[in-house]
A.B. asks: 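Here's a structure for you.
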Amino acid sequence: MPKIRHSYQLHIQLCDIRPAIWRRLVVSDCTNLAQLHRLIQAAMGWSPRHDYLFEIADQRYGQPNPDWPEDPTMDARRYSLGQLLQGQALPMRYVYNLADEWLHRIKLEACTPLPSPESLGNLPLCLDGRNACQPDHGSDGANALPFDLASTQARIQALARARARTTPEARAETALA
């Protein structure tokens, strides 16, 4: 019997910012954390030019430092949301730009079985969001564009299509699944 895949609805909010800046994404349970990083970047309107890390259940995931053998950071490419969360709403934090520490809180809002393997082709999605993000390249944000769902979804879909074209695994399961 084939494994039942799930979609994860995530609420991602940039901490300590008023008014709140957030995005609601739906991704596959087999999305790894490196892929989730790129999706968050696309949803926020940023480009992945800085280091990042996730903290889930007191463990760090990101890009381990090869020059520091004692680095406790686990490789984000090797861990999927399904492996780590197993459908549970564990506390998750995402830090982008480790020098400036842009802290995000990630909440699992829903874990839903997918009706068929073909449903993976509809993911990832941005369902909603609020407020513009400060650009990630040092601007004060005065020229930041307001949140636009259509353009955000277009960036996410472009990322998913690019991923599907580049790896056999992605072509087999489609779009960052």
Side-chain angles (χ1 to χ4, degrees), residues 1-15 20-48 52-63 73-96 104-131 133 147-177:
M1 173 177 254
K3 181 178 179 180
I4 296 174
R5 307 278 11 159
H6 291 81
S7 67
Y8 282 14
Q9 181 174 305
L10 305 173
H11 185 273
I12 302 156
Q13 182 169 334
L14 190 55
C15 296
I21 298 171
W22 59 268
R23 305 293 182 263
R24 181 168 286 120
L25 302 179
V26 179
V27 300
S28 165
D29 60 351
C30 51
T31 300
N32 71 44
L33 295 178
Q35 292 167 337
L36 181 59
H37 160 66
R38 290 188 295 276
L39 286 170
I40 293 170
Q41 296 300 293
M44 295 295 189
W46 299 328
S47 56
Y52 69 95
L53 66 87
F54 289 90
E55 294 176 355
I56 302 171
D58 297 321
Q59 177 60 57
R60 292 170 46 137
Y61 301 88
Q63 301 162 308
T73 305
M74 306 297 282
D75 189 340
R77 297 171 299 177
R78 299 183 182 272
Y79 297 91
S80 72
L81 286 170
Q83 285 175 296
L84 297 172
L85 300 181
Q86 298 179 12
Q88 301 176 54
L90 299 175
M92 290 188 287
R93 295 172 9 132
Y94 167 71
V95 180
Y96 174 60
H104 301 70
R105 188 175 45 252
I106 302 176
K107 179 182 176 188
L108 175 63
E109 294 182 320
C111 175
T112 307
L114 293 171
S116 69
E118 293 78 26
S119 300
L120 289 170
N122 298 326
L123 300 176
L125 296 171
C126 181
L127 298 179
D128 200 4
R130 290 291 180 269
N131 298 312
C133 289
F147 173 74
D148 177 66
L149 182 59
S151 62
T152 301
Q153 186 59 27
R155 285 192 304 272
I156 287 174
Q157 289 302 307
L159 183 63
R161 284 190 304 274
R163 174 90 178 139
R165 285 192 305 268
T166 59
T167 66
E169 299 85 25
R171 283 192 297 273
E173 291 196 7
T174 71
L176 289 175

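Basis for what follows: all heavy atoms, side chains included, without hydrogens, waters or symmetry-related copies.
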A.B. asks: Restricting to non-hydrogen atoms, name the atom on Ala160 and the atom on Pro124 that form the minimum distance, rounded to 0.1 Å.
C.D. replies: CB-CD, 3.8 Å

A.B. asks: For Gly62 versus Thr73, what's the shortest heavy-atom pair and its separation?
C.D. replies: N-CG2, 3.3 Å

A.B. asks: About how many Å separate OG of Ser47 and CZ of Arg155, when rounded to the nearest 0.5 Å?
C.D. replies: 11.0 Å

A.B. asks: Using the rule side-chain contact (heavy atoms from CB on, under 4.5 Å), only one of Ile40, Leu127, Val27, Thr31 pairs with Leu10; which is it?
C.D. replies: Val27

A.B. asks: What are the two closest non-hydrogen atoms of Tyr8 and Gly87, and how far apart are they?
C.D. replies: OH-N, 2.9 Å

A.B. asks: Run Gln9 and Leu108 through side chain to side chain contact (heavy atoms under 4.5 Å, CB included) and show every step you take.
C.D. replies: CA-CA 6 Å; Gln9 181 174 305; Leu108 175 63; 5.7 Å; no

A.B. asks: Got a donor-acceptor contact below 3.5 angstrom from the Gln59 side chain to the Ile56 backbone?
C.D. replies: no

A.B. asks: State the CE-CG distance between Met44 and Leu39, to the nearest 0.5 angstrom.
C.D. replies: 12.0 Å

A.B. asks: Side chain to side chain contact (heavy atoms under 4.5 Å, CB included) for Val26 and Leu123? Distances and angles first, verdict last.
C.D. replies: CA-CA 7 Å; Val26 179; Leu123 300 176; 3.6 Å; yes

A.B. asks: Report yes or no: does Gln83 contribute a side-chain atom to a donor-acceptor pair with the main-chain N or O of Ser80 at less than 3.5 Å?
C.D. replies: yes

A.B. asks: Any chance you could measure Asp29, atom CG, to Leu114, atom CG, to the nearest 0.5 Å?
C.D. replies: 7.0 Å

A.B. asks: Strictly distance-based, threshold 3.5 Å: is any side-chain N or O of His104 a donor or acceptor partner for the main-chain N or O of Tyr94?
C.D. replies: yes

A.B. asks: So, the side chain of Gln153 versus the backbone of Cys126: is there a donor-acceptor pair under 3.5 Å, distance only?
C.D. replies: yes

A.B. asks: Using a strict threshold of under 4.0 Å (side-chain N to carboxylate O), is an ion pair present between Arg60 and Asp58?
C.D. replies: no

A.B. asks: Quick check: closest heavy atoms across Leu81 and Ser28, and the distance to 0.1 Å?
C.D. replies: CD1-O, 4.4 Å

A.B. asks: Arg5 vs Leu120, test: side chain to side chain contact (heavy atoms under 4.5 Å, CB included). Steps then yes/no.
C.D. replies: CA-CA 8 Å; Arg5 307 278 11 159; Leu120 289 170; 4.3 Å; yes

A.B. asks: Do Tyr96 and Tyr52 have ring centroids that are under 6.0 Å from one another?
C.D. replies: no

A.B. asks: Quick check: does any side chain N or O of Tyr79 sit under 3.5 Å from a backbone N or O of Tyr61, one acting as donor and the other as acceptor?
C.D. replies: no

A.B. asks: Check Arg24 against Glu109 and note the closest heavy-atom contact, atom names and distance.
C.D. replies: NE-OE1, 2.6 Å

A.B. asks: Distance from Leu149 atom CG to Arg130 atom CZ, nearest 0.5 Å?
C.D. replies: 9.5 Å

A.B. asks: What is the distance from atom SG of Cys15 to atom CZ of Arg93, rounded to the nearest 0.5 Å?
C.D. replies: 7.5 Å

A.B. asks: Test side chain to side chain contact (heavy atoms under 4.5 Å, CB included) on Cys133 and Arg23; report intermediate values, then the result.
C.D. replies: CA-CA 10 Å; Cys133 289; Arg23 305 293 182 263; 3.6 Å; yes

A.B. asks: Taking the side chain as everything from C-beta on, heavy atoms only, tell me whether Ile106 gets closer than 4.5 Å to Phe54.
C.D. replies: yes

A.B. asks: For a quick test of reading the model, state the closest non-hydrogen atom pair linking Thr152 to Ala42 and the distance between them.
C.D. replies: CG2-O, 4.4 Å

A.B. asks: Within this structure, what is the CG-CE distance for the pair Leu90 and Met92, rounded to the nearest 0.5 Å?
C.D. replies: 7.5 Å

